[in-house]
Amino acid sequence: MSHPDADAKPFRRSWQSEKNNTRRLRIYNWANATYIANENKIRFDARKSIIQPQSAPPSTGPITSQLGTGTPSYLDGLNAEQALAVTSIDGPLLVLAGAGTGKTRVLITRIAHILATRRARGQEILAVTFTNKAAREMKNRVGELVGHAVEGMPWLGTFHAIGARMLRYHAELVGLKSDFTILDTDDQVRLIKQLLVADNIDEKRWPARQLAQMIDGWKNRGLGPDRIKAADAGDFANGRAQKIYTDYQARLKMLNAADFGDLLLENIRLFRENPAILETYQQRFKFILVDEYQDTNVAQYLWLRLLAQPRNDTPANVCVVGDDDQSIYGWRGAEVDNILRFEADFAGAKTIRLERNYRSTSNILRAASHLIAHNEARLGKTLQTDVGEEGEPVSVTSVWDSEEEARQIGEQIEQLQRKGDALNSMAILVRASFQMREFEERFITLGLNYRVIGGPRFYERREIRDALAYLRATHQGADDLAFERIVNVPKRGLGDATIKILHDHARASAIPLMLSARQLCETEELKPRQRSTLHALLAQFDDWAIRAEALPHHELAEAILDESGYTRMWQDDKSANAQGRLENLKELVRSMSEFETLGGFLEHISLVMERDSGEAEDAISIMTLHGAKGLEFDSVFLPGWEEGLFPHQRALDESGRAGLEEERRLCYVGITRARYRCKISLAQNRRIHGLWQTAVPSRFLDELPPDAVAVTDTGSSYGGYNYGGRQTASRFDKTDPFQSVYQSPGWRRARRQNADRGSDPGPLIEGELVARSVNSGSAYGVGQRILHLKFGYGTVAGVEGNKLTIDFESAGRKKVIDSFVKSG
DNA sequence: TCGCCCTATATAAGG
DNA sequence: TATAGGGCGA
């Protein structure tokens, strides 16, 4: 721990006000004084030391050489590659950083280095991350390193926060006002639904959610409505997707709103149409740093390209950090290709590989490396352990079903606990969130403290969204979506019929909904009852808008929630979670007082607000593999290694080989979260949506190196997972090396179909073998008697693609895949 | 307009 | 199995 915040604070103002080099130098000395003054009170970690100007590296240019020689203290403790990555600040640089190699530390130290050597001031550095968490961590750690620089770096943030900031500044150039609303997914879907209805498109057949995803995808690829090709739009609404997209964009402008995609896409448009503006940013940003570059999508890439264009033949100082092996967000638009192409994209780019792993034992690292080597599309790194321990082998345990899996993991946790390990040092990483429940239930009976990370976020909760809608409608009268959300919440007797009248008028006159409501209150259009209710509501909004001028906004919020009857609505609600909702509302009002303006608060909540994780208590973490990226634990449990679940069926069905490779990277991410212990398990039977299904061991198990793995069997399991001896080839990739299970008619049919289609005889993707859920009918019919290798004899009760529902004579009703069944 | 009942649906989730 | 959202009757 370095000096506490209280000590750093007095110097913040000085940092903010500094304007030139002389002053800055003095400030560094002040910072140094902080350190000295506290020396006898606080034990100081040299690696997190304050920058000392007299000891900048000599190699970085004339300015720094004046400061003397010697290695600056912030470089202490970095290995050679890390130090090189920190100090190579001229020209494009790709830092390929494997799991646990100190990537974040390099990024942070690099910023400190740029500041210390005075190559740029804080406000001349653009540093982008994906998550608020990463941005916050970077802010804090740079602050620790430099003493106080946090406020000095206005352009350190997420892609979206920075995009929003730029867009607000130039909003009028893209048809928005600077106080535009940022819509989230829920708003988007509701808006699109309205457009579909307006166009008489059957919302059942063509769900708004699906189109919202398509539009999102287009925006991720940097495509505006004018650039969609017919093939992109598919047959959605019989080819009208592009038209709706166009309408959607027009609607957003009318609502003075932008969705998340627009925060970047509109910036790109802005830069392209206004080269002068782009140039001011290019001049401003002397250094650009990007975290998790493997997660960037096309739009983010284009945005960066624009900002990082070479100027006057000088290449931009853009540094991207990432790991192609940890790219797990292809499904939300990330392009691994961006990182694979970096050297070609930025002329003269250097690449530095960080391969020294400071996290895991060699067994864990070997398992991860061996597995990931099965991927074809990668830049290739070899991680070396620096932990110096072989450690326990990675364990693989086969159990009968998911219930036993939870029981078994619970026991292991208790065992570790008895040994003295903290629950905080353990995590269960699942592929899909439905797996979490079984663990929660088990831990409740055991009385084990656990913490679920993920789930609905604070501002996605209904009561928070409702409250925000009231505030948004007060703040920004053109926010139709907000107004519509709450006109009848709490129930006021203003139902669909009334809303439709408001809408029709609004659309006909091209005015916002609230204005439409005002005008209709002046006429006889509405029934007297609705009219007077609506009139009263509008009067309240007027009142709130007036009071907003004078009242502190958290008090205003409280008044709005009380006077609108919203608080009362939940007070009168007798359901179990009503109390919690009221507390959330209180928390919302409380958090508002931390902001100076209502606008500032609304910006914060749509871009930043997160759920409090409550990390103080000792508890085991349960989270998804995606959620675990970037974290580390002493002991990691990886349950559910079964075909169909992990790798997930949908990934295979929808993205084939690429999907499989992404699943494998996810697998790699999971294993490399572990420092000392990595415990994999699989169940032979799993209940999905209430029905039991037999499970096939995950192919990823075959891809682990036998000498780093120990297989155990709980004994109660049927057959078990007999690992070892067959790891030479994946049973899913090569010609079938097994003679047992895979000789069933289903299997043969799958093979035959594959051949008939004339598709390449190369790797078979799981979807074609085991669970093709569409297109291929089953050879079995209802009523047919069959034999299943595990469950014995039974009768087919239902057929759905190649999935059979079977009433077994001894095992009861189960869902199975036809390739594991013979006619009996 | 409200509220109940029925049915369709269920990977991951950042901003 | 759980839930959310739509349809329909009062």
Side-chain angles (χ1 to χ4, degrees), chain A residues 128-135 157-165 182-186 188-190 193 202-204 207-209 213 216 219-220 258-264 291-292 295-297 299-300 327-334 429-438 441 453-457 459-460 462 487-488 490-500 527 529-530 533 603-611 623-630 640 644-655 659 662-663 665-666 669-670 686-692 773 815:
Chain A
V128 272
T129 64
F130 277 86
T131 64
N132 289 305
K133 201 174 153 218
T158 62
F159 276 101
H160 293 90
I162 290 171
R165 189 190 175 98
I182 298 169
L183 299 189
D184 63 18
T185 327
D186 196 66
Q188 278 181 63
V189 173
R190 288 195 298 140
K193 196 176 281 184
D202 182 7
E203 216 265 310
K204 270 254 142 85
R209 186 161 297 277
Q213 271 166 19
D216 234 38
K219 289 188 174 179
N220 283 339
D259 63 20
F260 283 118
D262 283 345
L263 296 181
L264 284 164
D291 193 14
E292 306 278 18
D295 288 341
T296 50
N297 60 37
Q300 287 156 341
S327 162
I328 54 174
Y329 286 110
W331 51 274
R332 71 182 192 206
L429 310 181
V430 298
R431 172 69 245 261
S433 53
F434 73 82
Q435 291 173 264
M436 293 179 173
R437 235 190 67 183
E438 210 121 23
E441 281 169 7
I453 297 175
R457 284 172 298 160
Y459 61 82
E460 279 168 2
R462 196 174 130 198
V487 243
N488 203 29
K491 295 268 183 297
R492 294 190 174 89
L494 301 170
D496 291 348
T498 314
I499 308 300
K500 189 175 181 306
K527 291 195 202 107
R529 182 148 181 187
Q530 274 71 267
T533 320
E603 172 97 358
H604 173 85
I605 202 139
S606 54
L607 284 176
V608 183
M609 190 98 177
E610 289 166 89
R611 207 164 66 147
M623 61 181 108
T624 64
L625 286 157
H626 285 92
K629 191 164 84 152
L645 177 59
F646 194 29
H648 200 282
Q649 194 55 51
R650 247 174 104 166
L652 302 174
D653 287 347
E654 287 169 14
S655 315
E662 181 154 314
E663 294 287 294
R665 290 193 290 266
L666 195 52
V669 167
R686 189 169 289 277
R687 200 168 51 177
I688 294 173
H689 311 315
L691 276 173
W692 284 97
S773 52
K815 250 189 192 177

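Letters A, B, ... are given to chains in the order of the sequence lines, protein chains preceding strands, and every chain is numbered from 1.
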For nucleotides 4-9 of chain C, which of its nitrogen or oxygen atoms have a protein nitrogen or oxygen under 3.5 Å away, and what is each distance?
unit_1 : atom_1 : unit_2   : atom_2 : d
C:dG6  : OP1    : A:Lys193 : NZ     : 3.2

Query - Point-to-point distance, once rounded to the nearest 0.5 Å, from CG of A:Asp291 to OG1 of A:Thr131 - result: 8.0 Å
Query raised in the report: What residues, two or more places apart in sequence or in another chain, satisfy side chain to side chain donor-acceptor pair (under 3.5 Å) together with A:Gln435?
Result: none
**Report entry** Within-4.5 Å side-chain heavy-atom neighbours: A:Lys219 and A:Asp259
**Finding:** yes
Could you go through nucleotides 11-14 of chain B and list every protein N or O atom that sits under 3.5 Å from one of its N or O atoms, giving the distance for each pair?
unit_1 : atom_1 : unit_2   : atom_2 : d
B:dT11 : OP1    : A:Arg650 : NH1    : 2.2
B:dT11 : O4'    : A:His648 : NE2    : 3.0
B:dT11 : O2     : A:Arg431 : NH1    : 3.1
B:dT11 : O2     : A:Arg431 : NH2    : 2.3
B:dA12 : OP1    : A:Ser433 : N      : 2.7
B:dA12 : OP1    : A:Ser433 : OG     : 2.4
B:dA12 : O4'    : A:Arg431 : NH2    : 3.3
B:dA12 : O3'    : A:Thr624 : OG1    : 3.4
B:dA12 : N3     : A:Trp331 : NE1    : 3.3
B:dA12 : N3     : A:Arg431 : NH2    : 3.0
B:dA13 : OP1    : A:Thr624 : OG1    : 2.5
B:dG14 : OP2    : A:Arg457 : NE     : 3.2
B:dG14 : O4'    : A:Arg332 : NH1    : 3.1
B:dG14 : N9     : A:Arg332 : NH1    : 3.4
B:dG14 : N3     : A:Arg332 : NE     : 3.2

Report task. Specify the separation, in whole Å, of atom CH2 of A:Trp692 and atom P of C:dT1. Result -> 12 Å
Requested in this report: Applying side chain to side chain contact (heavy atoms under 4.5 Å, CB included), name anything that partners A:Ser606, two or more places apart in sequence or on another chain.
Outcome: A:Ile182
Requested in this report: Could you check if a side-chain atom of A:Leu625 sits within less than 4.5 angstrom of a side-chain atom of A:Ile328, using non-hydrogen atoms only?
Outcome: no
Query raised in the report: Heavy-atom distance under 4.5 Å between the side chains of A:Arg332 and A:Asp216, does that happen here?
Result: no
Report summary line: In whole angstroms, the gap separating C1' of B:dG15 from CD1 of A:Ile162 amounts to 12 Å
Report task. For A:Gln188, enumerate each residue passing the side chain to side chain donor-acceptor pair (under 3.5 Å) test, keeping only those at least two apart in sequence or located in another chain. Result -> none
Report task. Output all residues satisfying ring pair (Phe, Tyr, Trp, His ring centres under 6.0 Å) with A:Phe159, sequence neighbours left out; order by chain, then residue number. Result -> A:Phe130, A:Trp303
Query raised in the report: Residues in side chain to side chain contact (heavy atoms under 4.5 Å, CB included) with A:Arg437, at least two apart?
Result: A:Glu441
Query raised in the report: Considering residues at least two apart in sequence or located in another chain, which fulfil the side chain to side chain contact (heavy atoms under 4.5 Å, CB included) criterion with A:Arg492?
Result: A:Tyr470, A:Asn488, A:Pro490, A:Leu494, A:Thr533, A:Leu537, A:Ser564
Query raised in the report: Got a sec, which residues hit salt bridge (charged side-chain N to carboxylate O under 4.0 Å, His left out) with A:Glu663, two or more places apart in sequence or on another chain?
Result: A:Arg431
Report task. Whole angstrom is fine here: how far is it from CZ in A:Arg686 over to P in C:dT1? Result -> 17 Å
Query raised in the report: Which residues satisfy the ring pair (Phe, Tyr, Trp, His ring centres under 6.0 Å) test with A:His626, sequence neighbours excluded?
Result: A:Tyr329, A:Trp331
Report task. Evaluate whether atom CG of A:Asp496 has more than 12 neighbouring non-hydrogen atoms of other residues, nucleotides or ligands under 6.0 angstrom away. Result -> no
Report summary line: Parsed dot-bracket for DNA chain B after applying the Watson-Crick and G-U rules with both distances under 3.5 Å and | for other-strand partners is ||||||||||.....
Restricting both atoms to N or O, compile the protein contacts to nucleotides 1-5 of chain B shorter than 3.5 Å, with distance only.
unit_1 : atom_1 : unit_2   : atom_2 : d
B:dT1  : OP1    : A:Gly495 : N      : 2.9
B:dT1  : OP1    : A:Thr498 : OG1    : 2.7
B:dT1  : OP2    : A:Ala497 : N      : 3.2
B:dC2  : OP1    : A:Gly493 : N      : 3.3
B:dC2  : OP2    : A:Asn488 : ND2    : 3.3

Query raised in the report: Would you say A:Arg437 reaches C:dT1's phosphate, i.e. side-chain N/O to OP1/OP2 under 4.0 Å?
Result: no
